[in-house]
Protein chains: 2
Amino acid sequence: MIKLSDIAQKAGVSESTVSRALANSPRISAEKKKLIQRIAFDAGYKVNQVARNLRVRSTRTIGLVVPEVANPYFPRLVQLIADAAREAGYHLQLHLSGVAQDAETECLAAIREQRVDGVVLVTSERGLVARDALNEMASTGAPVVLLGWVNDAPPVDMVYGDDAAGGYLVARHITELGHRRIVVFGAAPHRGTFDRLVGFQRGLKEAGIDTDVHIPARTNEEIRLGIEYLLRMANPPTAIFAYKDSLAAMACRCLRQACVSIPDQISVAGFDNLDLGTYLCPQLTTVDLSMEQTARSAVDSLVERMKSPTTWDGPKHRLIPPQLIVRESCSHPRSTNSIGRTECPPI
Amino acid sequence: MIKLSDIAQKAGVSESTVSRALANSPRISAEKKKLIQRIAFDAGYKVNQVARNLRVRSTRTIGLVVPEVANPYFPRLVQLIADAAREAGYHLQLHLSGVAQDAETECLAAIREQRVDGVVLVTSERGLVARDALNEMASTGAPVVLLGWVNDAPPVDMVYGDDAAGGYLVARHITELGHRRIVVFGAAPHRGTFDRLVGFQRGLKEAGIDTDVHIPARTNEEIRLGIEYLLRMANPPTAIFAYKDSLAAMACRCLRQACVSIPDQISVAGFDNLDLGTYLCPQLTTVDLSMEQTARSAVDSLVERMKSPTTWDGPKHRLIPPQLIVRESCSHPRSTNSIGRTECPPI
DNA sequence: CGTGGCTTTGCAATCGATTGCACAATATGG
DNA sequence: CCATATTGTGCAATCGATTGCAAAGCCACG
């Protein structure tokens, strides 16, 4: 593998000169610069980044810690963060912390090993697992940004969606359509999804609806049972709010299997605006917490921190506003609805 | 940031001894080893990997080049490769080459800059864009494995699915169900998807079906037009084969909007076994080219090449066998079917 | 011709680890 | 008690770049 000194020899100059010429330093004369660049190019020289990184104490790499990428929620986030990172001139080291986020601590170690210049840590349903590790990093002023809400977060930058406002939007939309009997599918494993429900309740209350059925469902199986249950109710609901799209999708499937028509007999709303929702029929009404904004905010914050590690005036929190995406799965309730009593239509 | 020499000083030994103690070398006495490890741990010492990498000429990182991760096909692949890499003790640097795979060459440069020890290059519909770069790398014996078929590939290891066999399986399944009027949605942008169609044709021919309708559709819009077209046919098909699940899903949506029932009036089969297929109603019958196997093969090949860069007996190709996943979207054709003539059922 | 200023180049230190080799210390055998 | 293993430790070179500082070369001006 050809190295700097080889080029220096070929060009008959010192290594410093070659290094400066390739870095396009103004301290090298134009002709010599051209010559050296030519020689280097012809020889197929590529700088050894590892050596360079050691010297300049930076890898121009950011570490992205994500629980998993198989879950339909994360890929877009990864994509957008990767794009933003690339745009900012950084490489991306991808760490999967596992569904249980076991490996979070291990992933954070990357920054202490100088492998990466900064870290974007994405938390999920389990909240922050590597709290100790993160606390320690925060205290040394290492550039980290936390993506997703966590309770009592260590003093690092944070960006997260306004889940409560999102839930509220859904409640308003559904109640304005005229629904009064509404069921919520959702557990509250961490703050984000909890807030969705809180916001939703607030919206219901404003519309004068006090009582609602809340079914704590987090898995497909729980959704299935929940749907079965509510179809047997004496006075079944006319609308369902599922706290995330993947559950909403599953709810739709179960309803169809029970020959319940959406949105004619039941309206369904989700949350997250996954691509999935556009493949369903009817297309899913949902809430978008702009991932573009989220990703960009996160990378921007991080880049800023990495560029000037000294100037640091406390952790900043950025809140991403929600947007209601009205598609086809919610409509006015039909007063004549009689779920579960009709024959299954011959579709 | 605390470094090796600091520990050496604290422990009153030389840097070499510390280095060896931490590497658990048998040449250091047990007590001293314990002592040093203790001191290092207490001081919160973490080795500077950049320095280490420079010295040992390896980063224990593999580069994964993927067109994008937003497309539902890639995330699982990334996940599995990341898992396999981690298991093998490697970090992952993720490069997104872009839908157009423009950045492929740039991504491959990472290996020449010693940033990564090896590369898994995933090609997509555009085939291999960075042919020159890859050829050059292959000639220097750099560890690269190509994931996905490409024509006239440079001499590097390759792993790809047996698309033809997969297409054949679908054809057999559909014809065995009794379908004779079959339409294929698919273009042939690169070898893989082309082979799906070739295998499919072969299956049809074996069943004695010569004529089939082939609609070259690659986008959702093309699918929509295609569906419209075939619903207007005098003698519409009873089965549809879409060359990938995302198109099959879109086809299902269009059919539902036209009040065509699946699989009663039309059967639909896809290819790829995306998660998406299980969210649809009916769930999609499709073909699986085990991503687990693909990912593992790729990483195994790569690790082998990285471990012994010298012993190299020509490029190996590994073929991943397909598996038919029978779900709900294909059934026997109903002779009384009269697509497009009925009223839309009151779903 | 000497001096000062400016541009261009090179020397040598540095980043933080690993490792071949030499040597010291201790054990073993004759 | 000496010769020879054996074991444990340290010195110093090395990986391949970057960069502060010194100095060489050149020009112009007094």
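Below, read A as the first sequence line, B as the second, and so on, with proteins coming before strands; counting in each chain starts at 1.
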Judged by nearest nucleotide, the residue sitting upstream toward the 5' end of DNA chain C, V56(A) or E31(A), is E31(A)

When you get a sec, tell me which of [options] is the closest nucleotide to the side chain of [X]?
X	options	result
R20(B)	dA17(D), dT9(D), dG20(C)	dG20(C)
S14(A)	dG16(D), dC11(C), dT18(D)	dC11(C)
E15(B)	dG16(C), dT18(C), dA17(D)	dT18(C)
S19(B)	dT19(C), dG16(C), dT9(C)	dT19(C)
A51(B)	dA17(C), dT18(D), dT9(D)	dA17(C)

Take the protein atom [atom1] of [X] and the nucleotide atom [atom2] of [N], then report the distance between them rounded to whole Å.
X	N	atom1	atom2	result
L22(A)	dT18(D)	CG	P	8 Å
R115(B)	dC15(D)	CZ	C1'	17 Å
R52(A)	dC15(D)	CZ	C1'	17 Å
L54(A)	dT18(D)	CG	P	11 Å

Indicate whether OP1 or OP2 belonging to [N] is found under 4.0 Å from a side-chain N or O atom of [X].
X	N	answer
R57(B)	dG16(D)	yes
Y45(B)	dA17(C)	yes
S29(A)	dT9(C)	yes
K32(A)	dT9(C)	yes

Looking at [X] and [Y], does any basic side-chain N land under 4.0 Å from a carboxylate oxygen?
X	Y	result
E68(B)	R76(A)	no
R86(A)	E106(B)	yes
R296(B)	E87(B)	yes

Tell me which of K3(A) and R27(A) sits closer to the 5' end of DNA chain D, going by the nucleotide each one is nearest to. K3(A)

Under 6.0 Å from the CD atom of Q9(B), do we count more than 12 heavy atoms belonging to anything else shown? no

Look at the side chain of R55(A) against the base of dG16(C) and say whether a donor-acceptor pair falls under 3.5 Å; ignore hydrogens and angles. no

Check this for me: does the side-chain of S16(A) come within 3.5 Å of the base of dC11(C) through a donor and an acceptor? yes

What contact category does V50(B) fall into here, base, sugar-phosphate, or nothing, at under 4.0 angstrom with non-hydrogen atoms? nothing

List the atom of A8(A), the atom of V18(A), and the distance in Å for their closest heavy-atom pair. CA-CG2, 3.5 Å

